[in-house]
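So you know, we letter chains A, B, ... as the sequences are listed, proteins then strands, and number each from 1. Given the structure is predicted, the values throughout are model-derived calculations rather than measurements.
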Number of protein chains: 2
Amino acid sequence: MKELPDSAFNPLLKLDNQLCFSVYALSRLITKAYQPLLESLDVTYPQYLVLLLLWEHEELTVKQLGEKLLLDSGTLTPLLKRMEQRQWLSRRRDARDERSVVVALAPAGRVLQQQAHEIPVQLAEKMQLTMPEIEALRTQLRQLITLLA
Amino acid sequence: MKELPDSAFNPLLKLDNQLCFSVYALSRLITKAYQPLLESLDVTYPQYLVLLLLWEHEELTVKQLGEKLLLDSGTLTPLLKRMEQRQWLSRRRDARDERSVVVALAPAGRVLQQQAHEIPVQLAEKMQLTMPEIEALRTQLRQLITLLA
DNA sequence: CAAAGTTTAATTGTGCACAACTAATTATTT
DNA sequence: AAATAATTAGTTGTGCACAATTAAACTTTG
């Protein structure tokens with residue numbers, strides 16, 4: 001009997017079939033789709049996510065940012081230092097608990113918010129999805145996230 | 001009138017509402033879910049994706065790998081060099097077109113395939129999804145991928 | 001055929017992402 | 001109170017990911 005490639009027996013090993021690869025590829029494509037919109041602000045996508053949170057909450061500890069973004073200090077500390085250098089935010093130890101570092105929105109970070117208004121709208125257009133479609137997809141992904149997180 | 005935070009007016013700016021963040025977070029969680037399964041092979045997730053393709057196709061040019069994985073030579077070249085050092089694959093210029101580099105599965109890479117059989121199954125279990133659910137989700141994601149790619 | 005243009009990898013430099021570890025502070029236990 | 005444990009950021013080292021550039025090989029065109 002002729003030998004067949006393994007993927008003939010185990011179609012799960014075929015790349016095209018893999019849900020995980022789709023998520024991985026889509027994630028990078030989304031970052032690229034954001035890039036032309038973000039580069040006018042000279043902000044990377046992870047930095048934009050931090051700004052989204054600070055626009056909403058004004059100040060958060062590194063730990064709180066990490067919980068919301070699912071990132072650890074090894075990623076956040078250098079990222080926040082770069083953002084501090086550009087004066088978008090400030091970092092200071094919490095007086096009530098010197099272990100914590102409080103990250104607060106700075107005036108220049110507030111200015112960026114004005115320029116960011118159209119970004120979510122433009123991106124939704126790029127993805128050509130209706131609101132209900134976006135809702136449904138996000139709900140499914142969030143189920144997986146809570147499962148794996 | 002009292003000032004409200006901007007996200008009250010523009011809920012799209014709220015992180016929790018963002019489809020894009022869900023994809024980004026899920027992608028990293030999936031990589032982490034793979035990690036305990038892949039570390040027994042001492043392979044990273046992107047390296048595993050390359051292996052999946054080589055198990056299927058035996059040999060591919062860097063360009064073909066890039067097209068399938070949506071990665072460029074800046075990412076692939078150093079990754080493939082590391083895999084070549086471990087003797088999982090070989091790299092050689094194509095005699096018919098010296099611009100191309102042919103990446104071919106090496107015997108040690110074939111051995112890895114045996115150990116990888118259970119990985120997709122174990123991951124599907126972790127995600128607690130039925131096959132139809134996986135299919136449906138993947139179809140939606142692939143639509144977005146072709147749109148953005 | 002020669003010049004101009006295209007294709008393919010490699011290189012360089014920046015910024016995540018994360019595991020493993022360290023150091024400092026706070027909380028808990030005895 | 002002293003010893004122990006837990007929490008929080010920071011540090012170090014490795015590996016992607018990608019933009020921008022370079023260099024070599026091939027293709028097309030005048």
Side-chain angles (χ1 to χ4, degrees), chain A residues 21 23-36 38-39 41-51 60-67 69-86 88 91-103 148-149, chain B residues 21 23-36 38-39 41-51 60-67 69-86 88 91-103 148-149:
Chain A
F21 172 71
V23 176
Y24 162 74
L26 181 57
S27 175
R28 289 183 294 114
L29 286 171
I30 287 178
T31 304
K32 271 187 210 164
Y34 267 105
Q35 215 231 316
L38 294 179
E39 82 181 355
L41 316 187
D42 203 18
V43 170
T44 66
Y45 182 62
Q47 290 169 7
Y48 171 68
L49 295 178
V50 169
L51 287 173
L60 291 165
T61 65
V62 172
K63 173 159 180 55
Q64 289 171 319
L65 282 171
E67 282 170 356
L69 297 173
L70 306 184
L71 291 172
D72 68 6
S73 67
T75 301
L76 284 174
T77 298
L79 187 154
L80 294 171
K81 280 182 178 173
R82 281 187 286 273
M83 296 180 75
E84 186 184 33
Q85 277 195 333
R86 300 185 177 226
W88 295 330
R91 299 180 327 126
R92 58 178 156 75
R93 290 279 164 182
D94 186 340
R96 289 185 307 282
D97 183 346
E98 290 281 345
R99 289 171 304 183
S100 295
V101 166
V102 178
V103 178
L148 294 177
Chain B
F21 172 71
V23 176
Y24 162 74
L26 181 57
S27 175
R28 288 182 294 115
L29 286 171
I30 286 177
T31 305
K32 270 187 210 165
Y34 267 106
Q35 215 231 318
L38 294 179
E39 83 181 354
L41 315 187
D42 203 17
V43 170
T44 67
Y45 182 62
Q47 289 170 6
Y48 171 67
L49 295 178
V50 169
L51 287 173
L60 292 166
T61 64
V62 172
K63 173 158 181 54
Q64 289 171 320
L65 283 171
E67 282 169 357
L69 298 174
L70 307 184
L71 291 171
D72 67 5
S73 67
T75 301
L76 285 173
T77 297
L79 187 153
L80 294 170
K81 280 181 177 173
R82 282 187 285 272
M83 296 180 75
E84 186 184 34
Q85 277 195 333
R86 298 184 178 229
W88 295 330
R91 299 181 326 126
R92 58 178 157 77
R93 290 279 162 181
D94 186 339
R96 290 185 307 282
D97 184 345
E98 290 281 343
R99 290 171 304 181
S100 294
V101 166
V102 178
V103 178
L148 294 178

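The two atoms that bring A/L70 and B/R28 nearest to each other are O-NH1, 2.8 Å, heavy atoms only. B/S27 approaches A/Y24 most closely through the heavy-atom pair OG-CA, 3.6 Å. A pairwise comparison of heavy atoms in A/L80 and A/V103 identifies CD1-CG2, 3.9 Å as the closest pair.
Comparing D/dA24, D/dA6, D/dG15 against the side chain of B/R99 picks out D/dA24 as the nearest.
Judged as a salt bridge (charged side-chain N to carboxylate O under 4.0 Å, His left out), and not counting sequence neighbours, A/R93 has no contacts.
Contact annotation: A/Q47 side-chain N/O to C/dC16 OP1/OP2 distance is under 4.0 Å.
In this structure, B/D94 atom CG and D/dA25 atom P are separated by 13 Å, rounded to whole Å. Rounded to whole angstrom, the span from the CZ atom of A/R86 across to the P atom of C/dT14 amounts to 12 Å. Going from atom CG of A/L76 over to atom C1' of C/dC16 covers 10 Å, rounded to whole Å. One interatomic measurement links the two molecules: NZ of A/K81 to P of D/dG10, which rounds to 6 Å at whole-angstrom precision. What separates OH of A/Y48 from C1' of C/dG15 is a distance of 19 Å, to the nearest Å. Across the protein-nucleic acid pair, A/R93 atom CZ and C/dT26 atom C1' stand 13 Å apart, rounded to whole Å. Straight-line distance from the OH atom of B/Y34 to the C1' atom of D/dG15: 19 Å, rounded to whole Å. Atom C1' of nucleotide D/dA24 and atom CG of B/D97 are separated by 11 Å, given to the nearest angstrom.
Here the NZ atom belonging to B/K32 is positioned 9.5 Å from the CD atom belonging to B/Q35, to the nearest 0.5 angstrom.
Between A/P78 and A/S100, the residue whose closest nucleotide on DNA chain D is further toward the 5' end is A/S100.
Ring planes of B/Y34 and B/Y48: tilted class, angle from 30 to 60°.
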Which atom pairs link the protein and nucleotides 17-23 of chain C when you take only N or O atoms and keep those under 3.5 Å?
unit_1: C/dA17; atom_1: OP2; unit_2: B/Y24; atom_2: OH; d: 2.4
unit_1: C/dC18; atom_1: OP2; unit_2: B/R28; atom_2: NH1; d: 3.0
unit_1: C/dC18; atom_1: N4; unit_2: A/G74; atom_2: O; d: 3.4

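Checked against B/S73 for a side-chain contact (heavy atoms from CB on, under 4.5 Å), the options B/T75, B/L71, B/T77 give a single hit: B/T77.
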